[in-house]
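Side chains included, hydrogens not; waters and symmetry mates left out as well; all remaining heavy atoms used.
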Number of protein chains: 2
Amino acid sequence: MTSSNPIVDALDAAGYRLTGPRRAVADLIAGYDGHFTAAELEAAAREHRVGVSRATLFRALELLTELHVVERLDLPGGEHAYVPCVRAHHHHLVCSRCGRVAEVEDCGLAEIVAEIARRSGYRIESHRLELFGLCRHCQAKAAPGA
Amino acid sequence: MTSSNPIVDALDAAGYRLTGPRRAVADLIAGYDGHFTAAELEAAAREHRVGVSRATLFRALELLTELHVVERLDLPGGEHAYVPCVRAHHHHLVCSRCGRVAEVEDCGLAEIVAEIARRSGYRIESHRLELFGLCRHCQAKAAPGA
DNA sequence: CTGACTATTGAGACCTGATCTCGACAAGCA
DNA sequence: TGCTTGTCGAGATCAGGTCTCAATAGTCAG
């Protein structure tokens with residue numbers, strides 16, 4: 001497990017230095033398969049004995065967001081979370097129970113956006129769709145009898 | 001202009017007391033036709049000589065959000081803004097230049113959401129679509145020659 | 001391998017947005 | 001009018017995030 005870590009690769013490809021803290025943060029993030037908050041990441045770093053200062057953590061997060069390997073998400077409650085993800089344009093489907101995040105491609109949304117643009121007269125430059133619900137797992141757990 | 005203010009009405013209808021500060025905040029909000037941040041609202045209150053404390057401002061905002069006469073918006077930059085709006089389910093189209101907000105009904109999105117649910121296996125409970133772009137006004141200003 | 005250059009880091013101050021506490025106050029009702 | 005209780009204000013406090021600046025460490029030329 002030297003680092004077939006795609007996050008590290010992205011950093012490298014973009015010409016950033018591959019420093020210890022950055023690798024550590026990248027590894028930490030790669031371990032998530034759902035979203036995480038900055039606070040959780042911080043706690044995880046502490047737990048894993050990775051000495052990464054808060055500032056560095058946020059700097060890494062910012063960097064990775066810029067590189068689109070991480071995205072910032074706004075949960076319904078108003079909290080901020082981050083999700084590791086791929087570069088292409090897509091949307092997020094968040095399990096409101098366990099936090100697992102599925103990526104959703106754009107299936108048909110573009111047309112709707114175009115239609116909205118036509119009706120409103122706005123020139124639409126970007127959009128963001130966030131979906132919240134229960135993943136299969138949590139549905140099963142929520143309704144064991146049904 | 002005693003108060004045909006729909007925000008005040010909503011408060012009343014929901015059984016909340018119609019206090020001075022709440023009316024003041026409602027009036028302030030009614031004056032916006034785009035989004036506003038909490039800080040802007042605070043400044044406006046100060047400017048209009050309405051003595052409303054920060055806590056009260058936030059409490060009112062929270063209340064109104066609950067009543068769906070105001071919604072909280074997450075701007076692309078990560079800032080929070082609030083928009084006065086109607087109760088029905090809809091989405092927001094925000095002018096990234098002037099902040100004007102248009103409400104967009106659900107034209108066709110429901111089908112897409114259903115399709116996503118089918119594909120992913122998630123039971124989707126809510127969604128949020130935010131669109132960012134240039135309103136007609138700002139398009140004109142941005143490209144006067146073209 | 002070494003040194004130098006410069007990006008990056010850490011520690012902690014600081015800032016902004018928002019919430020909480022608690023005594024004082026006032027809206028609404030009898 | 002007087003009570004009851006929801007609401008308010010002031011300010012402490014919290015959370016999330018950013019900034020500063022000296023120290024450190026990648027990276028690359030030699």
> C:dG28 P sits how many Å from B:L11 CG, rounded?
Replying inline: 11 Å
>> Parallel, tilted or perpendicular, judged at 30° and 60°: which one describes the rings of B:F36 and B:Y82?
In response: parallel
> According to a strict under-4.0 Å criterion, is A:R22 in side-chain N/O contact with OP1 or OP2 of C:dT8?
Replying inline: yes
>> Which is more 5' along DNA chain C, the nucleotide nearest B:F58 or the one nearest A:S53? Just name the residue.
In response: A:S53
> Over how many whole Å does the gap from B:E62 atom CD to D:dC8 atom P extend?
Replying inline: 12 Å
>> Using whole Å, what does the distance between atom P of nucleotide C:dG17 and atom CG of B:D74 come to?
In response: 14 Å
> Start at the 5' end of DNA chain C and walk down; is the nucleotide closest to A:L57 or to B:T19 reached first?
Replying inline: A:L57
>> Would A:E115 and A:R118 count as a salt bridge (charged side-chain N to carboxylate O under 4.0 Å, His left out) here? Give the steps.
In response: CA-CA 5 Å; A:E115 170 64 19; A:R118 200 174 320 129; 2.5 Å; yes
>> From C-beta outward on A:R54, which listed nucleotide comes closest to its side chain: C:dG10, D:dG17, D:dG16?
In response: D:dG17
>> Check whether B:T37 reaches the backbone of B:A81 with its side chain - one donor and one acceptor, N or O, closer than 3.5 Å.
In response: no
> Rounded to the Å, how far apart are B:E79 CD and C:dC15 P?
Replying inline: 19 Å
> Which nucleotide in the set D:dG11, C:dG10, D:dT18 lies at the smallest distance from any side-chain heavy atom of B:A55?
Replying inline: D:dG11
>> Using whole Å, what does the distance between atom P of nucleotide C:dT9 and atom CG of A:L61 come to?
In response: 13 Å
>> Quiz question: by atom type and distance under 3.5 Å, do the side chains of B:H35 and B:H80 form a donor-acceptor pair?
In response: no
> Taking CZ from B:R23 and C1' from C:dG28, how many angstroms apart are they, rounded to a whole number?
Replying inline: 12 Å
> Counting side-chain heavy atoms from CB outward, which of C:dT9, C:dG28, C:dT19 is closest to B:R17?
Replying inline: C:dG28
> Base, sugar-phosphate alone, or nothing: which one does B:G20 contact when heavy atoms must sit under 4.0 Å apart?
Replying inline: nothing
>> As a test of reading the structure: which of D:dG26, D:dC19, C:dG17 is closest to the side chain of B:H80, going by heavy atoms?
In response: C:dG17
> Closer to the 5' end of DNA chain D via nearest nucleotide, is it A:A39 or A:R59?
Replying inline: A:A39
>> With a 4.0 Å cutoff (strictly under), does any side-chain N or O of A:Y82 reach OP1 or OP2 of D:dG17?
In response: yes
>> If I take atom CG in residue B:L41 and atom C1' in nucleotide C:dG17, what distance separates them, rounded to the nearest angstrom?
In response: 13 Å
> Closest to the B:Y16 side chain: D:dT7, D:dC19, C:dT21?
Replying inline: D:dT7
> Does OP1 or OP2 of D:dG17 have a side-chain N or O of A:R72 closer than 4.0 Å?
Replying inline: yes
> Are OP1 or OP2 of D:dG9 and a side-chain N or O of B:T56 less than 4.0 angstrom apart?
Replying inline: yes
> What closest approach, in Å, do A:A10 and A:V69 show between heavy atoms, and which atom pair accounts for it?
Replying inline: CB-CG1, 3.7 Å
> With no hydrogens and no angle check, is any side-chain donor or acceptor of B:R136 less than 3.5 Å from a backbone partner on A:S120?
Replying inline: yes
> In whole angstrom, what separates A:E42's CD from C:dG12's C1'?
Replying inline: 13 Å
